[in-house]
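So the structure is just underneath, and the comments pick up after that.
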2 protein chains.
Amino acid sequence: MNFNAITIRDIARALQLSVSTVSKALRDSYEISEKTKKLVVEYAEKNNYRPNPIAQSLKKGHSKSIGIVVSTIENQFFSQVINGIESVAYQAGFNVIFTQTHESYEMEVKNVDQLAHHSLDGLLISLSTETKDIEHLKLLHKRGLPIVFFDRISNEIDTHKVIADNFKGGYDATKHLIDSGYSKIAHITSPPNISITKERLAGYNQALKDAGLTVPPEYIKHCSHGGRDIGEIENSLNELLALKERPDAIFTTSDRITTTTLLLLNKLGIKIPEQIALVGYTNTTLADALNPPLTSVYQPAFEMGQKAAEMLLNLILSKRPVTEFETVTLPTQLFVRKSTAPREV
Amino acid sequence: MNFNAITIRDIARALQLSVSTVSKALRDSYEISEKTKKLVVEYAEKNNYRPNPIAQSLKKGHSKSIGIVVSTIENQFFSQVINGIESVAYQAGFNVIFTQTHESYEMEVKNVDQLAHHSLDGLLISLSTETKDIEHLKLLHKRGLPIVFFDRISNEIDTHKVIADNFKGGYDATKHLIDSGYSKIAHITSPPNISITKERLAGYNQALKDAGLTVPPEYIKHCSHGGRDIGEIENSLNELLALKERPDAIFTTSDRITTTTLLLLNKLGIKIPEQIALVGYTNTTLADALNPPLTSVYQPAFEMGQKAAEMLLNLILSKRPVTEFETVTLPTQLFVRKSTAPREV
DNA sequence: TTGAAAGCGCTACCAG
DNA sequence: CTGGTAGCGCTTTCAA
């Protein structure tokens, strides 16, 4: 409150008391008489006094706020995660400060730096697709900043982590395609350096293997910017469609890649699932209303946010240094819809 | 940085200098010799010194952060707005702190209060659907907190505002339906107390009037929670469908109401637009991929966020009190798609 | 039960 | 050019 608010001093002066007495009275200290307390509290209330949290922060050494770094809020998955984070942070009286990397490593470093030096008590982060090196985080972590990873994590820092079961998500999606009669299954995904890509890809590969299927390496497309621009998704898709051995199904990861693929397929007039089936990771609430209704791998995003926030709060509030860390894995759900209807033979 | 960071004092001690000299050297003051500056700056850099922004805030009286209050981030419109806000705030070196009201007046009051007393430099707000009274904001505004309204605004506070052209959005949508051969046009919208509802409704009414059409009052449905729960949308829709004079088209407002209506209609097996046409406000990027592709009123959400943030920053950074305020109105766009295909007679 | 005073980290004023 | 000191608003010993 820079806008000339009433301070503890003002009320001390008005009541002919000392600053410390007022401070104690406000915090309901046992050292202060009921009478004085009442006097102070009433005056404070009447004049709408609020302690200046900046001063409190400076004194106490913490700011009651946590930072969030995500790639972009304009993605249902992340907005749901943030929603979850906010809900628990709010309950605990913590503020939430957030920034977006737009999948850029440089932005990530800058954001983290800015946040870290804006005195927050903890950091919640999902790495950008470009991020390979996490020195920027290691440094802060070493200096004592509590960090919890979610979604796109790194194993180079020993701390709490929350992820969805990416392997199973990939496995289930692929297996479902196989069970529905598809065998030439392509995969459009994010860059191979980030955790979720590897895990989902592993699930995909395992499902193929378990079914005794093999696919040519050209069936796996990595969008180096995680689908940040439509162009790279379009290229991947076109390349797949141009293959002599054209895939009969596609498994996509991430909201952006999934919905864009659907959009493009529709635009090209390619019938789903008749000409090509589609299953993808997405948290959109509109999967049922899409054309066709889209079989989707859904992640419990809200719960992921809640869990991550809880873990971070634990770290922050813990009296003694935490040395035991856990990685929580949340289940994904496969919602079967028309885009993967059993293949007609 | 509560995690034992290096302070200006540490470096003063290490270099056998005074605190003030170090402070000045760091701020590149003309009073300090080049030699000392170099010494200090190098030491600071080597030891990764960062000024404690909390202390700076306390000293300077501002925090370099702005607060955002929206109903829910899990709505493409708002996430796009926030995206816009963040982009300009970031450029200006401001942090963004956000909270959600979930359309509850009580939450709004609490959030505003919490934010306001968390020492921010300015506030960006879109009112909750429940909000009728804005004393909570008036008070802060009177005390000097810069506020900019966007989307759901109030005229009870004289300040900058950014809105989309809601009247025209409503008018265009309705006129388009009329031009496409529909005449029994219903309207499902938010509660009548919020600005956007009134404006869009006015546009709807005007378009009907201009076409010489009248509709029974039962054609206008207000969802008292702005569509926060599906139930109220479902009820409105069912009531409309049960009317003896059943509407042949529906105009909906807000992402939530629009997409839910589409979902429900699909579920009921009602053909769009054959049995009932649909046009709605929504900022979803998936309108083209919906079943059927949805004619939508699109608001320049990102630009709205940018504009609102710019205005707020102006207010914050302005040396002298601002007394001239403006209300910026951004154009909406009508994207015509299949859900309002010309009526076959 | 109350108050004086120190100090969180920084900036700014005034002396030297 | 450098340093001492006050003070932002609050909490917290320590005395009284």
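Chain identifiers are assigned alphabetically (A, B, ...) following the order of the sequence lines, protein sequences preceding nucleic acid strands; residue numbering begins at 1 within each chain. Note: hydrogens, waters and symmetry copies are ignored here, and every other heavy atom, side chains too, is used.
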Any donor-acceptor N or O pair under 3.5 Å, side chains [X], [Y]:
X	Y	result
T131(B)	E108(B)	yes
S23(B)	S20(B)	no
S128(A)	E103(A)	no
T21(A)	S18(A)	yes
N95(B)	S65(B)	no

If I take atom [atom1] in residue [X] and atom [atom2] in nucleotide [N], what distance separates them, rounded to the nearest angstrom?
X	N	atom1	atom2	answer
R13(A)	dG9(D)	CZ	C1'	12 Å
E31(B)	dT2(D)	CD	C1'	9 Å
R27(A)	dG9(D)	CZ	P	18 Å
I54(B)	dG9(D)	CD1	C1'	12 Å
L26(A)	dC10(D)	CG	P	9 Å
K64(A)	dC10(D)	NZ	P	17 Å
L39(B)	dC1(D)	CG	C1'	14 Å

Within 6.0 angstrom of K138(A) NZ, more than 12 heavy atoms from elsewhere: yes
Chain A footprint on DNA chain C, 5' to 3' - any atom under 4.0 Å from a heavy atom: dT1(C) to dG9(C)
Below 4.0 Å: OP1/OP2 of dT2(D) and any side-chain N or O of Y30(B): no
dC10(D) phosphate, OP1 or OP2, under 4.0 Å from S23(A) side-chain N/O: no
Short side-chain to backbone donor-acceptor contact, E156(A) and I134(A), under 3.5 Å: no
Under 3.5 Å: donor-acceptor pair, side chain of N47(B), backbone of A44(B): no
Sub-6.0 Å ring centroid separation between H160(A) and F150(A): no
Centroid-centroid under 6.0 Å between H62(A) and F94(A) rings: no
Under 3.5 Å, N/O pairs linking protein and nucleotides 6-8 of chain D:
{"residue": "dG7(D)", "atom": "N2", "partner": "K59(B)", "partner atom": "NZ", "Å": "2.7"}
{"residue": "dG7(D)", "atom": "N3", "partner": "K59(B)", "partner atom": "NZ", "Å": "3.3"}
{"residue": "dC8(D)", "atom": "OP2", "partner": "R9(A)", "partner atom": "NH2", "Å": "2.8"}

Close residues, residues 14-21 of chain A, relative to DNA chain C [heavy-atom separation under 4.0 Å]: L17(A), S18(A), S20(A), T21(A)
Distance, nearest 0.5 Å, that separates CD1 of I85(A) from CD1 of I68(A): 3.5 Å
Toward the 5' end of DNA chain C, by each residue's nearest nucleotide, I8(B) or V22(A): V22(A)
Sugar-phosphate only, base, or nothing, as touched by Q56(B) at under 4.0 Å among non-hydrogen atoms: sugar-phosphate
Sugar-phosphate only, base, or nothing, as touched by T36(B) at under 4.0 Å among non-hydrogen atoms: sugar-phosphate
Salt-bridge contact K110(B)-E106(B) (side-chain N to carboxylate O under 4.0 Å): yes
